[in-house]
Amino acid sequence: MAIIKTKSTHIINTIMHSIVVGVVFGLCLFPSKSFANNSSQEQLTAAFVYQITKFAQWPKASQSLPNNSFSICIFGEPSPTLRQYFRALEQKTTQGKPITYSEFMNKQQLKNSNASCQILYIINHHQEHLNEQDIINLSKNTLLIGQSKAFLAQGGMLSLVIINRKMKILISQNNIERSNIKLQPRLKALAKVI
Amino acid sequence: MMKLTRNLSFKNKLLLLILSITFISLLTSAITFSVLLESTFKQNLNDNARSNLSLLAYNLGPAISFNDKDAAVEILNSLKTSPYVSGANVYRVENGTLSAVASYKNGTNFSSISALEVYLTPTFDGLSHYITAPITVDNDTIGYVFQHSVLHQLNAFHQKVAITVGITLSFCLLISFIISLKFQRRLLQPLFNLLSTTQAIRTQQDYTLRVRETSHDEFSQLTQSFNHMLNEIEVHYRRQLATEDKVRLLNLGLEDKIAERTEQLEQSNIELKNTLSELEQYQAKLVEQEKMASLGNLVAGIAHEVNTPVGIGVTAISHLGEEVRALQEHYENNTLSQKVLQQFLAQAIDGTNISLSNLSRAADLISSFKRIAVDQASGAVRELNIKNYLEEILLSLRPKLKKVPHTICIDCAQSITAHCNAGTLSQIITNLLMNSIKHAFKDNARGKITISVTQNQGDIELIYQDNGCGMPAEELTQLFEPFYTTARNKGGSGLGAHLVYNLVTQGLHGHIVASSKVGEGLSLTITFPAQPK
């Protein structure tokens, strides 16, 4: 009976996971910029992060990951929904590499981790755990994406902010120039450069 | 066109040819270069459009990726800087289908299309230009941008090319025309020399003229050849003149000769005429002689025939005269006895009878001969009984005929009469008989001569036939020709048969036909009218 329950739960989880993956997959392909609720914003965030991977170029040193994968990381505690959407990105590839997803709850975990994140999405209230130097160090080879304009003032490179019910990309040109990461001009053309 | 150029002078033809070649060459080059230029121009337009659209597609990548329609529209609005772009559409690939994301329209000529992939290869349709570029991000095609342009600059290009070509063509033709005119005289001078010389030769007939050489090209060779030909013509012309002089002299000589020969011929003609006249006279003389001979024969025959009865009569009368003188002596001597008287009377009766009969015979003969002779001499036309007249003719020829062993038969009805020239008929029969006796029969041959006479309507047909040696066909054709004889060595004159022919045709107004075969005798059919016409 327990086995049956376990199997049913697994099947349900699998179905749910598939649905989420499908939704994120669809969003990734055709992200909608306007949204009605929090879940939509998180979907859009995952989709934007995924699309940003296609318009940026990382130094070769940051690309020596095991399995030659592309690592997307979250610093902080994401909501379960956001986590699901990010995890769904692991079904996809970018720049010809499979995507891996990692979460880091604190600075120590981030330092101890062998994972070299190409993108580090920092949950809004977790950015306070990182000082300026940390951000400078991280931003050398990692594209730091935040959720507010203030993040850019703290050394962040990109921010996904909601303006007029639409998600917009804000870019700190100075912070980008400090790092080894190159953003494609066409992305800059789309985004608002600060 | 051919008719028009045919009437042009060589100079103008050459000019036209040069201008035509120049025009065709330039036009061909211009067309070729225009086509190449247009192709290059279109290729450049294509390349520019592709390059611009690729840049546009590249910039549209994020807008499509982040579904930012405003950004897409904003990017498309950058096409305002390209006035020839009439419109553009941006499509996003959604689940394998296309959905329009943004659109740009400049004017009213733009309409969106469905088959985008067709225009991945840029296409021209008149002035319209269609091109599609894929929007790729990270090697994925996430959309397409389609652009429609109306390339008015292509029109401008065409106009510019046409004007350039026109000006270039006109300029080149003008230059070509000027150069042609400038070199035309120099080029054609040898030809003009040739032409003027030929015209001078034609008008002046002066073959000593020569063409002046002014160049060292093919015309020079032509001039040399022409001059060489003129040399030959001159030589021939001189020879011809000399020959004509000779001919003229010969003609003059010939005319003299002809005149001389004509004179000689006229002389000969006169001589011939004289000879012919003499011959005719001779012929008439011969005919007359023949006639006289015939009369002579007749007279000889008469003399011979009359001689015997007259001689007998003379003898009887002489004997009677002697008896009369003897009776006179007996009477004078009175010795006349009854017996003597009786004897005398008996002898006188006999002598008288003998004399009378012989003199009567002589008188008959003379009468007959007289008619024949008179007929022959006078040529009078009278009514005669043909059979009796033929017998009289035979009688008149008796002295001749009795010397030969031939038999002469007359086959003629007693009733046949004719009103004709009896003397002519007599002469005809006499000549025919004499000819047969002389020529038809060999020595000692006993021939037979038949004279058959029939009357057929108004004509008398007399067939004279002998069974002598006859004559071959070639001699028969010449039988009636004058002076033709096969016995000239025997004294034949060749006029007997000719005389017969003339007597029949002119004397009796009839005609005569001869037929003969060698060994089968001669047959002559004489037909003449019974009454004069």
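The model shown is predicted, which means the values in this text are computed figures rather than measured ones.
- Heavy atoms closer than 4.5 Å to chain B are found in the side chain of A/I169, but not in its backbone.
- Atoms CZ and NZ, from B/F66 and A/K168 in turn, are 11.5 Å apart once rounded to the nearest 0.5 Å.
- Other residues, nucleotides and ligands contribute at most 12 non-hydrogen atoms within 6.0 Å of the CG atom of A/N164.
- Chosen from B/A63, B/G61, B/A71, B/P62, the residue pairing most often with chain A at heavy-atom distances under 4.5 Å is B/P62.
- Once rounded to the nearest 0.5 Å, the distance linking CG of B/N59 with CG of A/L190 reads 10.5 Å.
- Sparse packing is recorded around CZ of B/F171, with 12 or fewer heavy atoms of other residues, nucleotides or ligands lying under 6.0 Å away.
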Next on the checklist: Run A/Q95 and B/N139 through side chain to side chain contact (heavy atoms under 4.5 Å, CB included) and show every step you take.
Outcome noted: CA-CA 8 Å; A/Q95 298 187 4; B/N139 294 328; over 6 Å; no
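- The backbone N or O of B/Y58 sits less than 3.5 Å from a side-chain atom of A/R186, completing a donor-acceptor pair.
- Within a 6.0 Å sphere centred on CD of A/E103, other residues, nucleotides and ligands contribute more than 12 heavy atoms.
- With a 4.5 Å cut-off on non-hydrogen atoms, A/T94 touches chain B through its backbone and its side chain both.
- Around atom CZ of B/F124, more than 12 heavy atoms belonging to other residues, nucleotides or ligands sit under 6.0 Å away.
- In the displayed structure, A/K149 atom NZ is contacted under 6.0 Å by at most 12 heavy atoms of other residues, nucleotides or ligands.
- Taking the side chain as every heavy atom from C-beta outward, A/F55 and B/D138 never approach each other to under 4.5 Å.
- A salt bridge links A/K166 with B/D70: the distance from a Lys NZ or Arg NE/NH1/NH2 to an Asp or Glu carboxylate oxygen falls below 4.0 Å.
- In the displayed structure, B/K13 atom NZ is contacted under 6.0 Å by more than 12 heavy atoms of other residues, nucleotides or ligands.
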